[in-house]
Amino acid sequence: MAGGFLGKTLAAVSLPVALASVTVKSLGSCSVAACRNSLSSCRFHVNSNIMSGFNGTKENSHNKARTSPYPGSKVQRSQVPNDKVDWLVEWHDYNPVEYTAVSVLAGPQWADPQITESNFSPKFNEKDGQVERKSQNGLYEVKNGRPRNPAGRTGLVGRGLLGRWGPNHAADPIITRWKRDRSGNKITHPISGKNILQFVAIKRKDCGEWAIPGGMVDPGEKISATLKREFGEEALNSLQKSSAEKRELQEKLQKLFNQEHLVIYKGYVDDPRNTDNAWMETEAVNYHDETGEIMDNLTLEAGDDAGKVKWMDISDKLKLYASHAQFIKSVAEKRDAHWSKDSETGCPG
């Protein structure tokens with residue numbers, strides 16, 4: 001992937017705030033152009049009911065983005081209590097720490113310049129050349145020339161490890177198949193009575209945890225291309241294949257990624273790398289191999305930032321990086337597959 005390891009650490013092995021689209025409510029009339037202005041007075045408010053976390057409690061929302069120390073550093077964020085997260089709550093004494101990693105300041109291809117550089121005039125809330133600065137969740141506020149995290153305060157300004165000011169877009173491909181016995185029959189769970197689903201999981205080199213494959217969307221790249229590319233790089237080791245092997249691999253992947261798919265989630269994600277001015281957004285998409293024949297012709301081989309790769313049975317016993325288990329749970333529900341022993345065996349409501 002372009003940007004090497006540091007670029008890949010921006011991958012959306014990310015933490016979803018909710019498996020739903022986040023709505024942004026404008027609290028005044030203002031144009032996109034006005035919101036790009038450094039003196040913009042526009043204000044936006046993220047619906048707290050949706051940004052409240054998977055368990056529906058507001059106190060548990062926006063937690064990862066307030067944790068210290070900041071990843072890969074000893075930087076401690078300014079503490080932000082739950083009742084001061086929302087930008088609409090006045091907090092005159094708010095004094096966030098400023099931090100942007102040296103690796104970002106070095107000016108790699110995947111990173112923006114500093115906001116103060118005279119030749120840098122980003123077009124926030126728009127497609128800025130090849131860089132997508134629009135959010136999946138709608139318009140976000142720009143204050144004093146800097147975009148504001150739509151979920152609220154994080155206790156840290158700057159970009160941290162993130163390359164882009166504003167949204168940093170990523171994609172997570174969730175590849176699934178039914179678990180089958182040696183005769184090819186689907187295996188059902190003895191208690192829930194539902195078929196068992198499997199997904200391709202990778203073990204991350206940086207933290208040793210199992211996760212969904214994923215990576216950053218390159219400038220000008222379509223999400224569908226990112227999903228296919230990232231799966232090839234991390235689960236099939238495509239970067240190390242010969243030209244002939246890559247062509248053969250692409251033909252097989254085309255069959256999988258050209259079929260109907262389910263968009264599991266897209267939007268803002270609560271991630272420990274988020275700051276007041278830069279945040280992660282992702283699109284998680286499920287591609288399902290109903291018969292298993294496509295994936296039977298592909299050999300899993302860990303590559304790039306993945307140390308290991310394997311098929312994992314889907315259930316509530318999964319221990320995955322960040323909140324990836326929530327994506328997987330949603331896939332199981334949408335596919336009417338086994339998730340827990342308490343799963344209802346009747347028709348879903």
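Just so you know, residue 1 is the first one in the sequence shown, and it goes up from there.
- When every heavy atom of G155 is checked against every heavy atom of Y94, the shortest pair comes out as N-OH, 3.0 Å.
- When hydrophobic clusters are built by joining Ile, Leu, Val, Met, Phe, Trp and Tyr residues whose side-chain heavy atoms come closer than 4.5 Å, directly or via intermediates, V157 is not grouped with L161.
- In summary, K329 and D316 do not engage in a salt bridge, as defined by a charged side-chain N under 4.0 Å from a carboxylate O.
- D128 contributes no side-chain N or O that, together with a main-chain N or O of V131, makes up a donor-acceptor pair within less than 3.5 Å.
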*Stepwise, does the side chain to side chain contact (heavy atoms under 4.5 Å, CB included) test hold for K228 with Q254?*
CA-CA 8 Å; K228 183 167 66 173; Q254 202 71 14; 2.6 Å; yes
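- A salt bridge between D218 and R229 is present, with a side-chain N of the basic residue lying under 4.0 Å from a carboxylate O of the acidic one.
- Taking the six-membered ring where the residue is Trp, the centroids of Y140 and W279 are separated by under 6.0 Å.
- Side-chain atoms of D289 and I175, non-hydrogen and from C-beta on, never get closer than 4.5 Å to each other.
- Residues L256 and V263 fall within the same hydrophobic cluster, defined by Ile, Leu, Val, Met, Phe, Trp and Tyr side chains chained together at heavy-atom separations under 4.5 Å.
- By the 4.5 Å heavy-atom criterion applied to side chains, H189 and I196 are counted as neighbours.
- Rounding to the nearest 0.5 Å places CZ of R164 at 9.5 Å from CH2 of W110.
- Using modelled atom types and a 3.5 Å distance limit, the side chains of Q79 and R66 yield no donor-acceptor pair.
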_Working for side chain to side chain contact (heavy atoms under 4.5 Å, CB included), residues N63 and D270_ = CA-CA 7 Å; N63 273 347; D270 183 22; 4.2 Å; yes
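- Under the 6.0 Å distance and 45° angle rule, R148 counts as a cation-pi partner of W87.
- In this structure, E221 CD and Q130 CD are separated by 11.0 Å, a value rounded to the nearest 0.5 Å.
- In this structure, M312 and L320 have side chains that are in contact, with non-hydrogen atoms separated by less than 4.5 Å.
- At a threshold of 4.0 Å, the pair R247-E251 does not count as salt-bridged, since none of the basic side-chain nitrogens sits closer than that to a carboxylate oxygen.
- Between the CH2 atom of W178 and the CG atom of N185 there is a distance of 14.0 Å, given to the nearest 0.5 Å.
- A salt bridge is defined here as a Lys NZ or Arg NE, NH1 or NH2 lying under 4.0 Å from an Asp or Glu carboxylate O, and E301 with K310 fails to meet this definition.
- Taking both residues in full, the closest heavy atoms of P147 and G166 are given as CG-N, 3.4 Å, listed atom of the first, atom of the second, then distance.
- The only option from L239, I202, V200, I212 that meets the side-chain contact (heavy atoms from CB on, under 4.5 Å) definition with E234 turns out to be I202.
- One finds the CD atom of Q198 at 10.0 Å from the CZ atom of R180 (value rounded to the nearest 0.5 Å).
- Looking at L298 and L249, their side chains come closer than 4.5 Å, going by heavy atoms from C-beta outward.
- Of the options D86, N149, N274, a side-chain contact (heavy atoms from CB on, under 4.5 Å) to H62 is made by N149 and by none of the others.
- Of the possible polar contacts, none joining the R204 side chain to the W210 backbone as a donor-acceptor pair under 3.5 Å is found.
- The distance from the CE atom of M216 to the OG1 atom of T226 is 9.5 Å, given to the nearest 0.5 Å.
- When all heavy atoms of M280 and A170 are compared, the pair lying nearest together is CE-CB, 3.8 Å.
- In this structure, R133 pairs ionically with D112, as a charged nitrogen and a carboxylate oxygen lie closer than 4.0 Å.
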*asked:* If you apply the rule side chain to side chain contact (heavy atoms under 4.5 Å, CB included), what do you find for K203 with V309, and how did you get there?
replied: CA-CA 6 Å; K203 190 173 186 179; V309 61; over 6 Å; no
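- In this model, a donor atom of one side chain and an acceptor atom of the other lie less than 3.5 Å apart for D276 and T154.
- The side-chain contact (heavy atoms from CB on, under 4.5 Å) test applied to S73 returns Y70, V75, Y99, not counting sequence neighbours.
- E230 has its side chain out of reach of P213: every pair of non-hydrogen atoms, C-beta onward, lies at least 4.5 Å apart.
- Contact of the P81 side chain with the W91 side chain is registered, since non-hydrogen atoms from C-beta on lie closer than 4.5 Å.
- Although no hydrogens or angles enter the test, the distance criterion places a donor-acceptor pair under 3.5 Å between the side chain of R159 and the main chain of G163.
- Defined by atom type and a distance below 3.5 Å, a donor-acceptor pair is missing between the side-chain atoms of E233 and S238.
- Counting only heavy atoms from C-beta outward, the side chains of Y287 and F231 never approach each other to under 4.5 Å.
- Taking CD1 of I264 as the reference point, atom NZ of K334 lies at 5.5 Å (rounded to 0.5 Å).
- In this structure, Q76 and S68 approach most closely via the heavy-atom pair OE1-CB, 3.2 Å.
- With N137 contributing its side chain and Y268 its backbone, the two residues share a donor-acceptor pair below 3.5 Å.
- Residues E290 and R335 are not paired through a salt bridge, judged by the lack of any N-O separation under 4.0 Å between the basic side chain and the carboxylate.
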*Before giving the answer on side chain to side chain contact (heavy atoms under 4.5 Å, CB included), spell out for K64 and R273 the whole-Å C-alpha distance, their side-chain angles and the decisive distance to 0.1 Å.*
CA-CA 8 Å; K64 299 298 181 180; R273 294 161 295 185; over 6 Å; no
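- Judged by distance alone, with hydrogens and angles left aside, the side-chain atoms of K252 form a donor-acceptor pair with the main-chain N or O of N297 at under 3.5 Å.
- A salt bridge is absent between E90 and K84: the closest approach of a Lys/Arg side-chain nitrogen to an acidic carboxylate oxygen does not fall below 4.0 angstrom.
- Here the shortest heavy-atom pairing between S192 and S340 reads CB-O, 3.7 Å.
- In summary, the side chains of S330 and E333 do not present any donor paired with an acceptor at a separation below 3.5 Å, with no hydrogens or angles considered.
- Crowding of K186 atom NZ: a count of heavy atoms from other residues, nucleotides or ligands under 6.0 Å exceeding 12.
- A donor-acceptor contact closer than 3.5 angstrom links the side chains of T282 and D172.
- Among residues two or more places apart in sequence or in another chain, the side-chain contact (heavy atoms from CB on, under 4.5 Å) test is passed with T176 by I174, L197, F199, N286, H288, I314, V331.
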*Walk me through it: do K179 and D313 pass the test salt bridge (Lys or Arg N to Asp or Glu O under 4.0 Å)?*
CA-CA 8 Å; K179 186 175 185 178; D313 290 359; 2.7 Å; yes
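- Nearest heavy-atom pair, A171 versus I223, reported as atom, atom and distance to 0.1 Å: CB-CG2, 4.3 Å.
- For the pair E132 (side chain) and K134 (backbone), a donor-acceptor distance under 3.5 Å is present.
- Using a 4.5 Å heavy-atom cutoff, the side chains of Y265 and E283 are not in contact.
- Crowding of K222 atom NZ: a count of heavy atoms from other residues, nucleotides or ligands under 6.0 Å not exceeding 12.
- A distance-only check finds no donor-acceptor pair linking the side chain of R177 to the backbone of W311 [under 3.5 Å].
- Side chain of W165 to main chain of P122: no donor-acceptor pair is present (N/O by atom type, distance under 3.5 Å, no hydrogens or angles).
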